[in-house]
2 protein chains.
Amino acid sequence: MKLSTKGRYGVKAMFDLAQHMGEAPVSLKSIAERQGLSEHYLEQLISGLRKAGLVKSIRGAQGGYVLGKDPDKIRIGDIIRVLEGPIAPVDCVSEEDPESCHKAEFCVTRTVWEKVRNSIAEVLDSITLEDMLNDAAKLESDRSLYMYYI
Amino acid sequence: MKLSTKGRYGVKAMFDLAQHMGEAPVSLKSIAERQGLSEHYLEQLISGLRKAGLVKSIRGAQGGYVLGKDPDKIRIGDIIRVLEGPIAPVDCVSEEDPESCHKAEFCVTRTVWEKVRNSIAEVLDSITLEDMLNDAAKLESDRSLYMYYI
DNA sequence: ACAAATCCCGAGTGATTTAATAAGATATCC
DNA sequence: GGATATCTTATTAAATCACTCGGGATTTGT
C-alpha cells in the first residue's frame with residue numbers, strides 16, 4: 001500500500017511549480033535542486049504530466065515548465081492518476097478497466113476494497129494545489145510564531 | 001498504491017475461517033482449494049497471522065486453523081497490518097516508526113499523505129469479519145431474489 | 001507401532017517493478 | 001553559434017513479489 005516515488009516526486013514538483021506561479025518558467029534543474037530529486041528521473045515523470053495537460057513546457061534557453069491550469073483546478077488525485085495509474089488498491093476495483101472477475105457481483109472482499117478505493121480517491125480529489133499553497137502559508141506563519149517564542 | 005497478494009489472500013483466508021466458525025479446524029489445503037490460492041504460499045502468510053494471535057493452529061491429522069478471536073473482534077485493518085506492515089502510503093507518515101524527516105513539522109505534502117493514511121486506516125478499521133459475514137448473508141439473499149426473476 | 005494428515009520453518013528462484021542513469025536529438029534565447 | 005533547456009529512447013542495478021521446494025515436528029486413526 002505504498003505510493004511509488006513517481007507519485008511523491010510528482011506532487012512535490014507540481015507544488016514547486018505552484019509556488020512559482022506567475023513567474024518565469026521553472027527549469028527542471030531548479031526543481032530537482034530545491035526538492036532534492038534526480039533531474040533525469042523527474043524528466044520522465046513530467047513528460048506524462050505534460051501529455052495530460054497538467055503542465056506546459058517552454059523549450060530552449062530560459063525555458064522550463066509552468067502549471068497547465070490554475071492551482072485550484074489541479075487536484076492531487078489528478079497528478080497521482082497520471083503518474084501511478086488509476087486508483088485501485090486491488091485490480092478488480094480499479095477506477096478504469098477493473099479486472100473482470102466472474103464472481104464480482106457477489107464477492108464480499110471486493111466491496112471492502114471498493115470502500116478503500118473510494119476513500120483514497122475522495123481524499124486525493126478533495127485537495128488542490130491551491131489548498132496546499134494555503135496550508136504552506138499557514139505553516140509559515142505558525143513557524144514565525146514558534147521562532148518568536150524560542 | 002496496490003495491496004500485495006499477502007493482504008488480499010490473507011483477508012480471503014480469514015473470511016473463509018470466519019465462515020467455518022464453530023466447526024472443526026479448517027486445513028490450509030481446504031482454504032487454498034476453496035479460495036483458489038497456493039497452499040504453500042498461504043502457509044507463510046498464516047504463520048504471521050498465528051504469531052499475531054489472529055488465528056490458532058491445531059497440529060496433526062484432522063488439525064487446521066480456527067479464528068483466534070470472535071469475528072466481531074477482528075478488523076480488516078488488523079489483518080492488513082500483520083501481512084503488509086503498518087499503514088503508510090509513504091514512509092514518512094507510517095503508523096509506526098515514521099521515517100524521520102528534518103522538515104516534517106512544516107512539510108505540506110506530508111499532511112496530504114497523513115490524510116490518505118488516516119482515511120485508509122479508518123475504512124479498514126471500521127470493517128470486521130462479522131461485518132463481512134453479514135454482508136455475505138445479504139448478498140446471498142439478494143442473489144436468491146435475482147435467480148428467482150430469471 | 002505405524003501411516004497418513006497436518007502444521008511448521010527456512011532457503012531458493014524466476015519474473016517483474018522500481019528508481020534511476022546515460023546519451024543524444026531538438027528547440028530557443030542571447 | 002553557443003549556451004541552455006526540453007524531449008526521447010535505451011539500459012541497468014537493486015529490490016520486491018509471488019511463489020516453489022524440501023524437510024521436520026506433531027497428532028490422529030488403525
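Heavy atoms only: backbone and side chains are in, while hydrogens, waters and symmetry mates are out. In what follows, chains are A, B, ... by sequence order, proteins preceding strands, each numbered from 1.
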Quick check on [N]: is either OP1 or OP2 less than 4.0 Å from any side-chain nitrogen or oxygen of [X]?
X       : N      : result
B:Ser4  : D:dC17 : no
B:Tyr9  : D:dA18 : no
B:Ser27 : C:dA5  : no

* Asked: Between B:Asp131 and B:Arg75, is there a side-chain N and carboxylate O pair less than 4.0 Å apart?
  ->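 Not counted as a salt bridge, because no side-chain N and carboxylate O are separated by less than 4.0 Å.
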
* Asked: In terms of side-chain geometry, is the basic nitrogen of B:Glu95 or B:Arg81 positioned less than 4.0 Å from the acidic oxygen of its partner?
  ->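 Yes, B:Glu95 and B:Arg81 are salt-bridged.
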
Nearest whole Å is fine: how far is [N] [atom2] from [X] [atom1]?
X       : N      : atom1 : atom2 : value
A:Leu49 : D:dC7  : CG    : P     : 12 Å
A:Lys2  : C:dT17 : NZ    : P     : 18 Å
A:Lys29 : D:dA3  : NZ    : C1'   : 11 Å
A:Gln35 : C:dA19 : CD    : C1'   : 18 Å
B:Lys56 : C:dT6  : NZ    : P     : 21 Å
A:Leu37 : C:dT21 : CG    : P     : 11 Å
A:Leu42 : D:dT6  : CG    : P     : 10 Å
A:Leu17 : D:dT6  : CG    : C1'   : 14 Å

* Check A:Leu45 against A:Gly10 and note the closest heavy-atom contact, atom names and distance. =>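 Nearest heavy atoms, A:Leu45 then A:Gly10: CD1-N, 4.4 Å.
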
* Between A:Cys92 and A:Pro98, what is the shortest heavy-atom contact and its length? ->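 Distance-wise, the nearest heavy atoms are O-CB, 3.6 Å.
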
* Which residue, B:Val26 or A:Ser38, contacts DNA chain C at a nucleotide closer to its 5' end, judged by nearest heavy atom? ->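 That would be B:Val26.
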
* If each of B:His40 and A:Glu39 is mapped to the nucleotide of DNA chain C with the nearest heavy atom, which maps nearer the 5' terminus, i.e. the 5' end? ->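 Per heavy-atom nearest nucleotide, the more 5' residue is B:His40.
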
Nucleotides 28-30 of chain C: which of its N/O atoms have a protein N/O under 3.5 Å away?
from: C:dT28; atom 1: O2; to: A:Ala61; atom 2: N; distance (Å): 3.1

* **Side-chain donor/acceptor of B:Glu43 to base of C:dC9, under 3.5 Å** =>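 Side chain to base: pair present.
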
* Closest to the B:Tyr41 side chain: C:dT18, D:dA18, C:dC8? ->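 Between C:dT18, D:dA18, C:dC8, the one nearest the side chain of B:Tyr41 would be D:dA18.
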
* To do: Pick out which of B:Leu49, B:Leu129, B:Leu17 makes a side chain to side chain contact (heavy atoms under 4.5 Å, CB included) with B:Ile74.
  =>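 When side chain to side chain contact (heavy atoms under 4.5 Å, CB included) is applied between B:Ile74 and each of B:Leu49, B:Leu129, B:Leu17, only B:Leu129 qualifies.
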
* To do: Pick base, sugar-phosphate or nothing for B:Leu28, based on heavy-atom distances below 4.0 Å to the nucleic acid.
  =>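 The residue B:Leu28 makes sugar-phosphate contact but no base contact.
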
* Got more than 12 heavy atoms from elsewhere within 6.0 Å of NZ, B:Lys56? ->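 Result for NZ/B:Lys56: open.
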
* **A:Glu122 atom CD: more than 12 heavy-atom contacts under 6.0 Å** =>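 No - once you tally the heavy atoms of other residues, nucleotides and ligands closer than 6.0 Å, there are 12 at most.
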
